[in-house]
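Presented below is the structure to which this report refers.
Side chains are part of it too, since the values below use all heavy atoms of this structure and drop only hydrogens, waters and symmetry mates. Owing to the predicted nature of the structure, the values given are computational and were not obtained by experimental measurement. Naming convention: chains lettered A, B, ... in sequence-line order (proteins, then strands); numbering from 1 in each chain.
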There are 2 protein chains.
Amino acid sequence: MTVTIYDVAREAGVSMATVSRVVNNNPNVKPATRKKVYEAIERLGYRPNAVARGLASKKTTTVGVVIPDISNSIFAEVARGIEDIANMYHYNIILCNADKKKEKEIRVINTLLEKQVDGLLFMGGAVTEEHEQAFRTANVPIVLCATTDEKGQIPSVDIDHEAAAYDAVGKLISNGHTRIAMISGTLQDPANGYARFQGYKRALQDAGLPYDDEIVRVGNYRYESGVEAMKYFVELADRPTAVFAATDEMAIGAIHCIQDSGLHVPEDISVISVDNSRMASMVRPQLTAVAQPMYDIGAVSMRLLTKLMKKENVERGTVVLPHEIVERQSVGGISK
Amino acid sequence: MTVTIYDVAREAGVSMATVSRVVNNNPNVKPATRKKVYEAIERLGYRPNAVARGLASKKTTTVGVVIPDISNSIFAEVARGIEDIANMYHYNIILCNADKKKEKEIRVINTLLEKQVDGLLFMGGAVTEEHEQAFRTANVPIVLCATTDEKGQIPSVDIDHEAAAYDAVGKLISNGHTRIAMISGTLQDPANGYARFQGYKRALQDAGLPYDDEIVRVGNYRYESGVEAMKYFVELADRPTAVFAATDEMAIGAIHCIQDSGLHVPEDISVISVDNSRMASMVRPQLTAVAQPMYDIGAVSMRLLTKLMKKENVERGTVVLPHEIVERQSVGGISK
DNA sequence: CTGTTAGCGCCTTCAG
DNA sequence: CTGAAGGCGCTAACAG
């Protein structure tokens, strides 16, 4: 039924070792025999069994990447960066979706490890004790991608979320806004949630503006939660003149809510966020946002992982990529 | 270094066969020894090697799914359906992104097959001769997901794209529109491209409306191509009063282009599309669209695949799921 | 209920 | 440059 390396060997009149060599591009094969083997492979339709190969060689040339939420375009972009570099180094990548559930994250990490991936890229939210536990028992390198662990023990590549938020809010402040609301992510999420919230607070503080928890709401990163939060702000007696959303999608929800209330962006309320996903230009007015270099985060983390897998020594295990603000039309000045 | 089933056996004072049994939940193990084994596993931190298991059992309990474009939210939703059912039947799924490139599709299909997946779900564009070639040499079941092959030889689950397009355009027609433009996908793409275009033409024809290729443009499914196409239509002397876009994203691009030109949706131009992705409600005005049941397409195809993998016999290999029109605010009547 | 014994398909020394 | 032989870690009969 299934044709094995042995069949090919017989067909080509060589030993299976030789077939193995040509399949693995080992140079120590005479061109003539190499050709014979290729022909036999072709004739028989031989397809190497990666499972057997993995068992024998103890390498699978595949890296597992766990995606928190496949329907989030941010991660899609990061994945593109990962893939491009992976291809470059001849690694296969297998994606596993974790549905933003911690329990599922742990599960896929373990499945991936059981499948003997040569390395693991973890994009996700919080890195808990349980995660670290799972990572510790892995005997392959792991790098965190678009997230970090609190202790900074695990190699990672990410932006400085606190600073990104600080800059976003700073932009609003420098435009004259003094009553700035925030639509935050969950505070349990260290990167997209907590850190961005901290950046918001620090920016306020540095500008001598009061912090008022009346104008911060916690959303779940989705569009709908952005409109919900904004609905609340819009009805406030002392309505904010600007809002900082932790993510693009919530920002877009906020913009639409503002418009649905008969107000205008940015004339009545300015909106800014962190992310700069493709969606940022898919709204009217187009969204001003602090951009995180998604593709690069993916590419750099994959590159780091290849080094780790080859046991090359790396200088810095945790790399922080720069962010920048991209100005579009959702932020205005305060003139009243 | 790595702890094997053999180590566990020694630690627990049983044979490796027994360890294998408890790991695989074979009922034929005395509770007491089962407990001993579990303890040994715990103590040693044993993690089964899926590669070795796969080689020995000739099953990997994983199915491969190839995604044409990970950054397309449509596929993300389909993937969710796939995953839920896969979990239900205890299959792991590994996602492989093909970047909308045929060459890469073929490559990931082969990698997946080499990895000995127990089945394959192919979401993609055209199923070419080369695809069929790759499928043919696979000796595991394959089902097409959100696409079909022309000959209908390969099991598949999808909607009737031609009819969906027909209904979308029909909606416009019944609202009184007679000059209806189309932003199509590439005609090489049988499902989202060609079929939807055919539906458009048939609807026109059945209504006795002339077909005018001045008002059909081919886009690439992305937002930008939607605005490009619309830009062309908007400047036409005999400007269309409605446009049918093959996908949501292009429709949203069209809406924004219309608005950027100082016109209004749906007052000046109505917009409708096929898909009904999450983004359909993330525009103003919200997009009226023919909905394809993405989640169900994923779920049903995965269910079908499980049957095929278990060699149960299935009645119909190609299933067509119903679509429906969901009305929001982007379609208006014609009153001038 | 439990142990023994063959492999699964391939890679990898080690000889020659 | 090529062949022979011994596993990789686990499952699957087959005995007992």
Side-chain angles (χ1 to χ4, degrees), chain A residues 1-38 40-41 44-62 110-111 113-118 137 139-140, chain B residues 1-38 40-41 44-62 110-111 113-118 137 139-140:
Chain A
M1 181 78 233
T2 76
V3 18
T4 77
I5 201 174
Y6 188 76
D7 300 319
V8 177
R10 196 157 22 72
E11 177 80 12
V14 298
S15 75
M16 49 184 291
T18 302
V19 179
S20 176
R21 288 192 185 93
V22 345
V23 170
N24 293 294
N25 279 313
N26 183 318
N28 293 350
V29 181
K30 208 192 324 180
T33 59
R34 182 182 298 276
K35 184 157 173 292
K36 272 197 308 189
V37 172
Y38 274 134
I41 287 178
L44 267 39
Y46 169 68
R47 185 185 343 249
N49 180 328
V51 171
R53 180 184 301 199
L55 182 58
S57 68
K58 301 169 89 47
K59 275 180 301 178
T60 53
T61 63
T62 105
N110 281 316
T111 350
L113 258 17
E114 286 180 7
K115 285 191 187 308
Q116 312 299 118
V117 292
D118 293 341
T137 63
N139 29 32
V140 294
Chain B
M1 178 81 234
T2 76
V3 18
T4 76
I5 201 173
Y6 187 75
D7 301 319
V8 177
R10 196 160 21 72
E11 176 80 11
V14 298
S15 75
M16 50 186 287
T18 301
V19 178
S20 174
R21 288 192 186 95
V22 346
V23 170
N24 293 293
N25 279 313
N26 183 318
N28 293 350
V29 180
K30 210 193 317 180
T33 59
R34 179 181 301 274
K35 182 155 174 295
K36 270 196 309 188
V37 172
Y38 273 134
I41 288 178
L44 267 38
Y46 169 67
R47 185 184 344 248
N49 180 329
V51 171
R53 181 186 300 199
L55 183 58
S57 67
K58 299 168 90 48
K59 275 181 301 177
T60 53
T61 62
T62 106
N110 281 315
T111 339
L113 258 18
E114 286 179 8
K115 284 191 187 308
Q116 312 299 117
V117 292
D118 293 342
T137 63
N139 29 34
V140 295

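- The shortest heavy-atom contact between B:A50 and A:Q116 is N-OE1, 4.4 Å.
- Listed by first then second residue, pairs satisfying salt bridge (Lys or Arg N to Asp or Glu O under 4.0 Å) with a partner in residues 4-18 of chain B read B:D7-B:R10, B:E11-B:R43, not counting sequence neighbours.
- Atom NZ of A:K115 sits about 9.5 Å away from atom NZ of B:K115, to the nearest 0.5 Å.
- Under the side-chain hydrogen bond (donor to acceptor under 3.5 Å, both in side chains) criterion, B:R47 pairs with A:N110, A:T137, sequence neighbours left out.
- A pairwise comparison of heavy atoms in B:T2 and A:N139 identifies CG2-ND2, 3.9 Å as the closest pair.
- Running 5' to 3' along DNA chain D, contacts with non-hydrogen atoms of chain A at under 4.0 Å begin and end at D:dC1 to D:dG9.
- If you walk DNA chain C from 5' to 3' and mark each nucleotide with an atom closer than 4.0 Å to a heavy atom of chain B, the marks span C:dC1 to C:dG9.
- When the side-chain contact (heavy atoms from CB on, under 4.5 Å) test is applied to B:K59, the partners found at least two apart in sequence or on another chain are B:S57, B:D118.
- A heavy atom lying under 4.0 Å from DNA chain C marks the following residues of residues 50-58 of chain A, by number: A:A52, A:R53, A:A56, A:S57.
- Of the residues in residues 12-24 of chain B, those with a non-hydrogen atom less than 4.0 angstrom from any atom of DNA chain C are B:V14, B:S15, B:A17, B:T18, B:R21.
- Of all heavy-atom pairs between A:V14 and A:K36, the closest is CG1-NZ, 4.3 Å.
- Residue B:N49 is in sugar-phosphate contact alone, with no base atom involved, counting any heavy-atom pair closer than 4.0 Å across all strands shown.
- Checked against side-chain contact (heavy atoms from CB on, under 4.5 Å), B:A52 has the following partners two or more places apart in sequence or in another chain: A:L55, B:N49.
- What you find for A:S15 and A:A9 is that their closest heavy atoms are C-CB, 3.6 Å.
- Scanning for side-chain contact (heavy atoms from CB on, under 4.5 Å) contacts around B:V140 gives B:L113, B:A138, with sequence neighbours left out.
- Minimum interatomic distance between A:Y46 and A:T4 (heavy atoms only, all atoms of both residues): CE1-C, 3.6 Å.
- A pairwise comparison of heavy atoms in A:V8 and A:V19 identifies CG1-CG1, 3.8 Å as the closest pair.
- If one axis is set at each end of the helix from C:dC1-D:dG16 to C:dG16-D:dC1 from five pairs, those axes are 30° apart, to 10°.
- Under the rule for a salt bridge (Lys or Arg N to Asp or Glu O under 4.0 Å), the partners of B:K35 that lie at least two apart in sequence or sit in another chain are B:E39.
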Let me check something: any side-chain donor-acceptor pairs from residues 21-32 of chain B under 3.5 Å, sequence neighbours excluded? List them with distances.
from: B:N24; atom 1: ND2; to: B:S20; atom 2: O; distance (Å): 2.7
from: B:N24; atom 1: ND2; to: B:S20; atom 2: OG; distance (Å): 3.3
from: B:N26; atom 1: OD1; to: B:N28; atom 2: N; distance (Å): 2.8

